[in-house]
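Following: one structure in structure tokens, then a few remarks.
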Amino acid sequence: MTPLLRMEGISKHYGGVRALEGARLACARGRIHAVLGENGAGKSTLIKVLAGVVQPDAGTIELAGEPIALPDPAAASRAGIVSVFQELSLLPDLSVADNIGIVDPPRMWHRTWGPIDRRAQRRRAEAALARVGAGDIHPLAQVRDLPLSRRQMVEIAKALARDPKLLLLDEATSALTAADVASVFRVLRQLRDDGLAIVFISHRMQEIAELADDCSVYRNGCHVASFPAGSKTSGEIIEMMIGREHESVFPPRPGRASSERPALAVKNLSWAGRLRNIDLEIRPGEVVGLGGLDGQGQRDLLLALFGALTGVTGSVAVHGVPVTLSSPQRTRLPGGGIALIPEDRKTEGLMLPMSVRENLSFAAIDQFSRFGWIDRRAEEAAIASMIRLLGIRADGIDGPVAALSGGNQQKVVIGKWLMTRPQIILLNDPTRGIDVGTKQELYRLLRELADGRAALLFYSTDYDELIGCCDRVLILYDGAIVNVLEGDALTEHNIVASAHNLTAAGAAGAPP
Amino acid sequence: MTAVTGPRAQDARYWLASHRGPILAAALFLAMFAVFVTEHPAGLSGNVVNTAANKGALLALVAVAQTIPVLTAGLDLSVGSVFVMTNCLASTVVTGTPREVGLGVALVVVVGVACGALNGLVVVVGRLQPIIATLATGAMYQGIALWLRPAPGGEIDEDFADFVTGSLGDVIPFSIVVLIAAVVVIWVPYRRSVLGRAAYAIGSSEQAAYMSGVPIARAKFLAYVLAGLFAALAGLLLTCVTYSGEANALLGGSYTLSSIAAVVVGGTSLYGGSGGAIGTIFGAFVLRTIGDLLFVFDIDPLSQPLFLGVVLLISVSLGSFRLLRVKKRLDLYR
Amino acid sequence: MTARVLAGRIDRALAAAIGCIVVLLVAGALYDRNFLSADYLLQQLQVASFLGIIATGVMLVVLLGHIDLSIPWVVTIGGMMSTAAAGHQGWAGALAIPFAIACGLGIGIANGIGVAYLRVPSMIFTLATNAIAQGLMVVHTSGFAPQDHATPAMHFLAVERSILGIPNAVWVWAAIGAATVVLLGRTRFGRRIYAIGNSERAVFLSRVNVRLVVVACFAISGACSAFAGVLLAGYSTKAYQAMGDPYLLPAIAAVVLGGTSILGGRGSYLGTIAGVVLVTLLQSILSIVQMPEAGRQVIYGAVVILMLLVYGRSAKVVS
Amino acid sequence: PDTVQGPGAAPDCFKPWGKDTKFYQWKKKPGPYRIALDNGFIGNTWRIQMIKTAKAYAEQPEVKAKLKEFKVISTGEDLPAQIAAANNLIDAGYDAVIVNALNPAAFAPVAKKAKKAGVVLLSFDNVIESTDNIVINVDQVELGRLAARWLLKEVKTPGGKLLEVRGPSGNSVDRDRHTGFHEVLGKSGKKFEVVEVIGKWDDGTAQKATADAIAVHKKFDGIYVQGGSTGTVRALLDSKHPMIPISGETENGFRKLCAQNAAKGLHCSSAGTGPAQVAVTIKAAIAALEGEKVPQSISLPASYVEYPNIKEGSDFYPALSDNFFVGNSFPGCKIGLSAEEIMGKSEANQ
Ligand SMILES: Nc1ncnc2c1ncn2[C@@H]1O[C@H](COP(=O)(O)OP(=O)(O)OP(=O)(O)O)[C@@H](O)[C@H]1O
Ligand SMILES: Nc1ncnc2c1ncn2[C@@H]1O[C@H](COP(=O)(O)OP(=O)(O)OP(=O)(O)O)[C@@H](O)[C@H]1O
Ligand SMILES: [Mg+2]
Ligand SMILES: [Mg+2]
């Protein structure tokens, strides 16, 4: 039987950058096809070609054996190709229902000329949300007000509501918690069994293992290999992706830091009913994780500690000195201060059209300037060493960061903050959309920073990461810390249990 | 937040949240207008209402014209010029037999639509920034207006004009009927149409809208065409109010700027994606009533411009009270 | 988009603007040889320098992604306050020019506070402050029948030609322009301006006091406008009502024609210079060839659109 | 009102426009009266001066005794707002409404309404084009003719190049003055090339336009400037152009420059309409309300002075602002105090 989709010889160049070179992909009905590759391998570009967003320089696309042209997203949509993009394509000012029904909504009176039937649209949206297990999202809510994980669910519901023949998911689960992932996977399997072809991209290897039927690996824009899932070990796959051998993922944890004075001590911190009486202490050299279901206040806590919220009560001390964190500028403290790796790199971390140079040195510009005058040499030297340290792949430092792949952009965000030499680093899901190789470098980097006596507070939606990286994990539920896990008690089971606030203390390891 | 959390109450809360702008503008207008009529020696008479309605409807139509491109995160700086140019045209062609008057009205509307279409083309096909593209086309329309009417004058069928600017049964100003009709016949269907919603989608995020397969080009084009249409309706109404035409660049400029202020006071975001014509209409009436306050308070003639400026500043700043409720400072920055 | 493409874009704007300037001069010369006389060209530069100083402030504000519609009456305030102060005896008279600039600065700061702290869209907040500035000047003129004659210093700056026969106003503009080039390209403040134009949110989260930068830019814009008002008063030897009205739209047009994105975050000062010269020449030539106002407006609009079609098109919406 | 036969009240002041000008007579109303002034644009010196004059006139004891209320509303550039203000004033029962119209053609509906309501409507400066109101103005076409006649007299050559600095396009006053100017030139039989530039009655704009014109055309034989005359003379002086005759408006600054440079050969004529005509209009309003006969169209004398008669203290005032409009005395009208005095007083306060 011919596969539903066949792409051959797809090439795409951006100026001097090779995004795809003779790439190919074939996927069949009733199969979930995983696409793997490190950051910048060209996965998203491949998806965008299929979605009609990007026009390839060369190559052919066949759908059900017929050659097809995809000049714009609308054409792809008509052909039954529906995508969930890495950068979400939701409309923040519109309601969830409007978003889900944005293309081809139900109409009153006449199928093409009638006005939009809002009731029918709302029913349709409710059904789609319920189907992916996001029934908690109100269809009239504005997407702008939803946290990233809920938005991702809306995006998936939106894709499914369009009755695709071919569904493309580009890191669609990167911000989802385990529970959401599970319910999305249930639907995806159901759809596969109904005969859909699904292309699935994720940097989380266990998701690939769990879901994929076939795999294709790309490297540097080229197709490396395709094989049925399970025929290769994950070590082999990673080797294909990064082109070298791959060691154990997490760097070793040193023993607990001594009982010296905490770098960050928070007492009784509350905010707007969304954070309740948070107490926490992080010593220099410690990596403390924030866990729990998404949206339990973890992101707000990080923002509060960074001075980005108003009306926060409670006390915060840095190295024993009480500080008022009434604005981010106030986190600039003698000896380094506090850094925040924000949630959304595109809008919060970077000035996309500006150069890598300007982005990297932006937060630390004071170090290279006297009386407001920038010393470009000092700046360049510092940038060069940061690029080396993080292995940022960029076509020179004067190109816009927008041209970097997602993972490299994330590295720029991290580099931007490392340049300020912070003593306390708040990380808001920093590995979202980062490939395994880079992730591993990042874990190593975090540990090095901790060894360099920085204190890290690390929120992640990935439990493995929390377990592998953190000395301690605080589980938040409804804005309060409900459990603290460390040592042997730091297991996936315990995290999941306390995340749902099921545990009475003791059932899953008592807090110290 | 209310304690009620039933599904109805929840729906109502979302509804309220998305209609806060128009409600506030309407409340502000009613308060100001109440002060005005209580102080007016003639009180709430048919004449007073008619005068206020005619003056308000003019700006309201221009401001609705402005609203639609603004929803797409664009801007139409030519609405004032189209307003003036159609005024000049109408003062030439809307006269004669009833048939000729009808044809004249149709011609004026068609020309307004054509101006809007040119704007749309420049923005969509030319891919120029709307703010600067319409600044340029606005200059061109102003030039055409001068060419049509080098000096003030012209005429309009007086029966037609008196009817349009009069009141039905001396109670309901016909200009308000026109306004309501424009909302019911044009705005509401537009709001409910795919292209209307596409305008909101584009304003919200053009990139995301494109990736979702929203018909961007058509929706933007239509937005400018509708702007031209509403501006032409306003030009026609102006001709009825003045019985004449004048290619006055200052008038066009002041309407363009007032229209933007009305859009903002009416709760539409200049960044696009949210708001609508109803709020804008109240916003326009708020702005128009500011001038009427000169009647109410006895202000030294040479301090009047300062007074108008201060009241304008206060009304456009009222929206910043919402800042007091913002809990997340990050949300202040886009 | 690579750096080269980006740089190419800016260069293209500059090149196109310069190309247009040349075309205008040639067209003018065909009409009358005197268009190429040093006299005429220097005079255009002199007049351009008033617009150029205003456009400098406008450009900073536009780079932030904002706009300043209070220009007309801040210019007038600059002119009227300097001449009014000059009427006083003693130090107040001597400080006429700084005093006027301080007044512009004050309104600029008010604009900045409204935009940055009250978060009112700049387009309407500055519209309102413009109305207030006008109101203040009407009260001012009517109240004390103030002195409105320019001082010799103002006349010296605006009209006289002290060095190399080049009008002093041009030197003043050159100095302000050089400072701006340095400010935008070499300082932290300049970086922050561009950055805010690209993503205010990211700048806020980079521990920068965004509001301060915004207020500073509006303040500079107010000061530039007021200073231009001082020079204009010197040029006309007096200050008068509404003297700033003819400068708002040309200043915005000059900045945009010079390749600065009206949405902020992108643009070069060299482009602005070219834009200013272009707009000034275009106005002057259309005036001299006695184009009737109607045709003048149409041509003006068409030229702006054509030029932007050459280099000012935005990218297609693709990722 | 009734249309009646002349002569009307105060014939020295309320001079009928032409022979066939009608006279109006309203029924005498018991005083004191409520009179309102509906002004549009305010952001220029002429208007400010006009409003100050109106206020000062209304404050004069003999006038004040007849007025219960004198209200002024300025609406800015917004024509519909000015029309609405006029309508509101009529509805609010003012006895007389005075308009300086933003657009002369646009107030026909207002005139209709005032007539129906029995309100006396008057207009001056930019007058309402309708016979349903009392119009008080200087003949703008004649001002243009005056300038042309004087230039023809001063320019000795049989032809040459003249510069005409015009007002804002689309404005009726600009059109009228331009028409009158060219009418006389056309009939003169001399061959003049007229270079037209637009000065918008604004000193800065006029100065720039003049400077550009001089730089390109190098030599003119005479200039007619409708407004912004000070700027035009500045440009002439700055350009070191030889002195040529200039016919301009009535700005104090213009006349000052003319007087200063008369010895160097600068010959000027200065003609225009002073803002004090508002006082004449108020006077006419009161006369009409008192049941006097008033011409429908009143012609005011233009303030006119030409070289070498420009005298300090009567034709210009060195102590007053350049922006001041001179030529406010209407001797026949016995207005009581001149605008010069009004401005001069506050000047002295300083
Ligand atoms: N618009 C663009 N302009 C220039 N270069 C681009 C553009 N988009 C992508 N690239 C380049 O193309 C290459 C492939 O990018 P792509 O986004 O497809 O990678 P990816 O495999 O999805 O990576 P990630 O896992 O980080 O998302 C990268 O090197 C990137 O820098
Ligand atoms: N070179 C410069 N020229 C003009 N103004 C400048 C310059 N550098 C800074 N400023 C202004 O001074 C303000 C303070 O500068 P600075 O860079 O110290 O701000 P900051 O570091 O964000 O503030 P802080 O650390 O005090 O909270 C800037 O926000 C800017 O408005
Ligand atoms: Mg990708
Ligand atoms: Mg990625």
Side-chain angles (χ1 to χ4, degrees), chain C residues 28 31-35 37 39-44 46-47 50 72-73 76 79 83-84 87-88 131 134-135 137-139 141-150 159 232-233 235-247 280 283-290 292-294 296-297, chain D residues 41-49 51-52 55 74 76 164 166 168-170 174 194-200 202-209 211-218 228 230-231 234-235 237-240 251 253 257 319-324 342-350:
Chain C
Y31 175 81
D32 194 318
R33 251 177 336 105
N34 289 328
F35 268 103
S37 69
D39 233 15
Y40 177 78
L41 294 179
L42 280 178
Q43 184 179 315
Q44 292 316 305
Q46 174 178 4
V47 169
F50 308 139
W73 284 89
T76 307
T83 55
H88 284 268
Q134 166 171 11
M137 285 306 97
V138 170
V139 171
T141 312
S142 63
F144 315 105
Q147 143 81 20
D148 52 16
H149 212 75
V159 181
L232 281 171
Y235 179 64
S236 307
T237 65
K238 62 169 190 172
Y240 55 97
Q241 296 277 333
M243 58 194 279
D245 279 3
Y247 289 91
T280 309
Q283 281 181 343
S284 165
I285 289 183
L286 287 178
S287 160
I288 300 285
V289 302
Q290 298 186 68
E293 181 76 359
R296 202 192 284 200
Q297 295 274 359
Chain D
F41 183 64
I42 192 174
N44 70 21
T45 315
W46 196 97
R47 297 285 173 130
I48 293 175
Q49 202 179 323
I51 288 177
K52 283 178 77 167
K55 264 175 38 183
S74 297
E164 182 189 9
R166 298 188 56 175
S169 302
D174 167 65
V194 181
V195 174
E196 286 174 34
V197 294
I198 295 180
K200 297 192 178 167
D202 170 271
D203 280 303
T205 312
Q207 185 175 357
K208 241 186 304 184
D212 283 357
I214 292 176
V216 170
H217 292 274
K218 297 291 183 209
T230 322
R234 268 284 144 227
L237 296 177
D238 286 345
S239 72
K240 317 262 179 338
E251 297 100 333
L257 284 176
L320 288 185
S321 155
D322 279 4
N323 300 321
F324 179 73
I342 298 165
M343 298 303 274
K345 238 182 236 156
S346 27
E347 195 99 350
N349 287 346
Q350 197 191 332

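Sequence lines set the chain letters: A, B, ... in the order given, protein chains first and strands last, and positions in each chain run from 1.
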Between C:S236 and D:G204, what is the shortest heavy-atom contact and its length? OG-CA, 4.2 Å

Looking at D:A213, D:A211, D:G231, which has the largest count of heavy-atom pairs under 4.5 Å with chain C? D:A211

Output for pair (D:K208 NZ, C:Q283 CD), nearest 0.5 Å, gives 6.0 Å

By salt bridge (charged side-chain N to carboxylate O under 4.0 Å, His left out), D:R166 pairs with (sequence neighbours left out) D:D174, D:E196

Looking only at heavy atoms, which two atoms of C:M243 and C:P246 are closest? And how far apart? O-CD, 3.4 Å

Side chain, backbone, both or neither of D:S239 within contact of chain C (heavy atoms, under 4.5 Å): neither

Between C:T141 and D:Q49, is the side-chain contact (heavy atoms from CB on, under 4.5 Å) condition met? List the steps. CA-CA 9 Å; C:T141 312; D:Q49 202 179 323; over 6 Å; no

Atom group of C:S37 that falls short of 4.5 Å from chain D, counting heavy atoms: side chain

Between C:A294 and chain D, with a heavy-atom cut-off of 4.5 Å, which part of the residue counts as in contact: side chain, backbone, both or neither? neither

Tell me, for C:L232 versus chain D, whether the close heavy atoms (under 4.5 Å) come from the side chain, the backbone, both or neither. neither

So which part of C:Q44 gets closer than 4.5 Å to some heavy atom of chain D, the side chain, the backbone, both or neither? side chain

Output all residues satisfying ring pair (Phe, Tyr, Trp, His ring centres under 6.0 Å) with C:Y40, sequence neighbours left out; order by chain, then residue number. C:F35

Examine whether an atom of C:R296 lies under 4.5 Å from a heavy atom of chain D, and if so say whether it belongs to the side chain, the backbone or both; otherwise answer neither. side chain

If every non-hydrogen atom of D:A235 is compared with every non-hydrogen atom of D:Q207, which pair is closest and at what distance? CB-O, 3.4 Å

Heavy-atom pair count under 4.5 Å with chain D, highest-scoring of C:V47, C:N34, C:T83, C:V159: C:N34

Can you say whether C:Q290 sits under 4.5 Å from chain D via the side chain, the backbone, both, or neither, judging by heavy atoms? both

Contacting moiety of C:Y31, where chain D heavy atoms sit under 4.5 Å: side chain

Proximal component of D:D322, with respect to chain C [non-hydrogen, under 4.5 Å]: both

What's the spacing between D:S169 OG and C:Q297 CD if we round to 0.5 Å? 8.0 Å

